[in-house]
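Okay, structure first, notes after.
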Protein chains: 2
Amino acid sequence: MSESTRIRVFSVDDHPLLREGIAAIVNSQADMELTVQAATGREALQLYRQHLPDVTLLDLRLPDMTGIDVLIAIRNEFPDARVIMFTTFEGDVEIQRAMEAGARGYVLKNMPPRELVELIRQAHSGRKRVPAEVAAKLAEHLGEERLTQREVDVLRHLAGGNRNRDIAERLFISEETVKVHVKHVMEKLGASDRTQAVVIALRRGIIQL
Amino acid sequence: MSESTRIRVFSVDDHPLLREGIAAIVNSQADMELTVQAATGREALQLYRQHLPDVTLLDLRLPDMTGIDVLIAIRNEFPDARVIMFTTFEGDVEIQRAMEAGARGYVLKNMPPRELVELIRQAHSGRKRVPAEVAAKLAEHLGEERLTQREVDVLRHLAGGNRNRDIAERLFISEETVKVHVKHVMEKLGASDRTQAVVIALRRGIIQL
DNA sequence: GGCCCACTACCACTTTTGAGGTATCCAGCA
DNA sequence: TGCTGGATACCTCAAAAGTGGTAGTGGGCC
């Protein structure tokens, strides 16, 4: 296989040791090479433009911005960009948002190297695939109504330990309206009280710690 | 430097790609080598006995047990074991428990490779060191009273969305006693309500999602 | 023996939450 | 145009949470 047909892989992750591992695995394959690496979102955007890689492995948590935002920015400029989200986190909402933003895959970091390179090949050839494990997470909450922006706002304040009255003040609405939002949040998440709502939201990737 | 004086490193982590990265970095050093790897706690204990490595890099989150438990088990059998905790998580309570259990270091996974190998050398030569970043986390809550076992029990039930009455039933105590525990938890964590107490506890590594 | 601490328990009281319901306004859509 | 969904608001009422204080019991420690 000639140089020019190798899949050029771009790795974006703030863990140097993990990038080292990716480099080792990718470069051990005859049909691909790790062309360039980045540790932050800003760096990722800049280097993407410079190198126009074939496949990008993108971490969800970066020091300066979220992987989702990087993904959106890249696909905004380059709609054909083939990006695989590569992360430890498995909240179904994060998976869903990534796929909606045009990710070609969503892989957990504990994935065996063999499967990772296979996914890189699949993403490169245009297929959109996620491992069964990830798909299952997504399927868990398929039919469910998702939270509105306002509800997520209220949820974040809940996590901060604010009383309904305080939330009302901060959002410039009445306490009664806050109660309505809280009620809807609990209903949609299947929580029995605000505390459980926050825990479920954290688990599902709706809010972050 | 002869073969026999190389630092023999043991890596325990359920992320194959990260282990790959550690292997690459460690083996690139003249004075150390990655001798053996494990992906689970059970495996770690078994392989430790077989290989008696000089320095162990131990992940905090493993599929079958916590890294702390593995650390305790190892140091129970081999009190001189030199173990460095190696993890993404930075709750001060987890750091504290690891150091109390006899860890020689506590390193975040986003650490630059150069510093990691330096820490391996330091741990091997008997020094107990943590990076300033980690030490700062520890210092944040130095003088504070820690939660009792019972309080942590109650906290876990809080996170599950249980009412005081339900917690009382499950722990076979009165609801009034539960209230006392909840009050103490909130006081010690500086939380204004049970929801914030749970969020703080998650952030500090007192409970897990 | 005496002391401290964790756990337990009960009482009284206020504040906050959560469950009902109804209703208006506005924007987007069929 | 009429319908729907989201955000807003107000009402009532019961239940739960949170605050304050007092106190017994058993273990461990000086």
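Order of the sequence lines fixes the chain letters, A, B, ..., with proteins taken first and strands second; residue numbering starts at 1 for each chain. As the structure is a prediction and not an experimental result, all values here were calculated from the model.
Between the P atom of D/dG18 and the CE atom of B/Met186 lies a distance of 5 Å, rounded to the nearest Å. Remark: C1' of C/dT17 and CG of A/Leu158 are 11 Å apart, rounded to the nearest angstrom. Separating the CG atom of B/Asp153 from the P atom of C/dC7 is a distance of 9 Å, rounded to the nearest angstrom. Regarding B/Glu151, its CD atom lies at a distance of 10 Å from the P atom of C/dT8, rounded to whole Å. To the nearest angstrom, C1' of C/dC5 lies 16 Å from CZ of B/Arg150. Straight-line distance from the CD atom of A/Glu187 to the P atom of C/dG21: 11 Å, rounded to whole Å. Atom-to-atom, NE2 of A/His184 to C1' of C/dG21 comes out at 12 Å; the value is rounded to the nearest Å. For the pair B/Lys183 NZ and C/dA9 P, the computed distance is 15 Å after rounding to whole Å.
Contacts of B/Val180 with the nucleic acid, taken as non-hydrogen atoms under 4.0 Å apart, include base atoms.
Checking side-chain atoms of B/Asp64 against main-chain N and O of B/Arg42 turns up a donor-acceptor pair under 3.5 Å. A side-chain donor-acceptor contact under 3.5 Å links A/Asn162 to the backbone of A/His157. Between the side chain of B/Glu151 and the backbone N or O of B/Thr148, at least one donor-acceptor pair lies under 3.5 Å. At least one donor-acceptor pair closer than 3.5 Å links the side chain of A/Ser192 to the backbone N or O of B/Gly161. A/Arg104 places no side-chain N or O within donor-acceptor distance of the main-chain N or O of A/Thr56, the cut-off being under 3.5 Å. Put simply, the side chain of B/Glu33 never gets that close to the backbone of B/Arg8: no donor and acceptor are under 3.5 Å apart.
Near DNA chain C, meaning a heavy atom under 4.0 Å from it, residues 188-196 of chain A has A/Asp193, A/Arg194 in order of number. Near DNA chain D, meaning a heavy atom under 4.0 Å from it, residues 200-209 of chain B has no residue at all. Using a 4.0 Å cut-off on heavy atoms, the residues of residues 172-179 of chain A that approach DNA chain D are A/Ile173, A/Ser174, A/Glu176, A/Thr177, listed by number. Annotation: proximity of residues 160-170 of chain B to DNA chain C (heavy atom, distance under 4.0 Å) is found for no residue.
In summary, of the residues considered (B/Arg19, B/Lys109, B/Arg61), a salt bridge (Lys or Arg N to Asp or Glu O under 4.0 Å) with B/Asp13 occurs for B/Lys109 alone.
Within 6.0 Å of CD on B/Glu100 lie more than 12 heavy atoms contributed by other residues, nucleotides or ligands. More than 12 non-hydrogen atoms from other residues, nucleotides or ligands lie less than 6.0 angstrom from CZ of B/Arg121.
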Please report the C-alpha distance between B/Thr66 and B/Glu94 in whole Å, then the side-chain angles of each, then the deciding distance to 0.1 Å, and finally whether the side chain to side chain contact (heavy atoms under 4.5 Å, CB included) criterion is met. CA-CA 10 Å; B/Thr66 77; B/Glu94 287 176 322; over 6 Å; no

I'd like to know whether B/His181 forms a side chain to side chain contact (heavy atoms under 4.5 Å, CB included) with B/Leu171, so could you lay out the CA-CA distance, the side-chain angles of the two residues, the decisive distance to 0.1 Å, and finally the verdict. CA-CA 12 Å; B/His181 288 314; B/Leu171 297 182; over 6 Å; no

May I have the step-by-step check of side chain to side chain contact (heavy atoms under 4.5 Å, CB included) for B/Leu62 and B/Thr40, ending in yes or no? CA-CA 6 Å; B/Leu62 294 170; B/Thr40 67; 5.8 Å; no

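We find the CG-OG1 distance between B/Asn110 and B/Thr87 to be 10.5 Å, quoted to the nearest 0.5 Å.
In this structure, the side chains of A/Met99 and A/Val130 come closer than 4.5 Å at one or more pairs of heavy atoms.
Between B/His181 and the phosphate of C/dA6, there is no side-chain N or O to OP1/OP2 separation shorter than 4.0 Å. The side chain of B/Thr148 contributes an N or O atom lying less than 4.0 Å from OP1 or OP2 of C/dC7.
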Let me have a per-nucleotide readout for nucleotides 23-30 of chain D, 5' to 3', with B, S or -, counting only protein heavy atoms under 4.0 Å. --------

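Residue pairs meeting the side chain to side chain donor-acceptor pair (under 3.5 Å) criterion with at least one partner in residues 74-85 of chain A, sequence neighbours excluded, are A/Arg49-A/Glu77.
Residues B/Phe89 and B/Leu108 share a closest heavy-atom pair of O-CD2, 3.6 Å.
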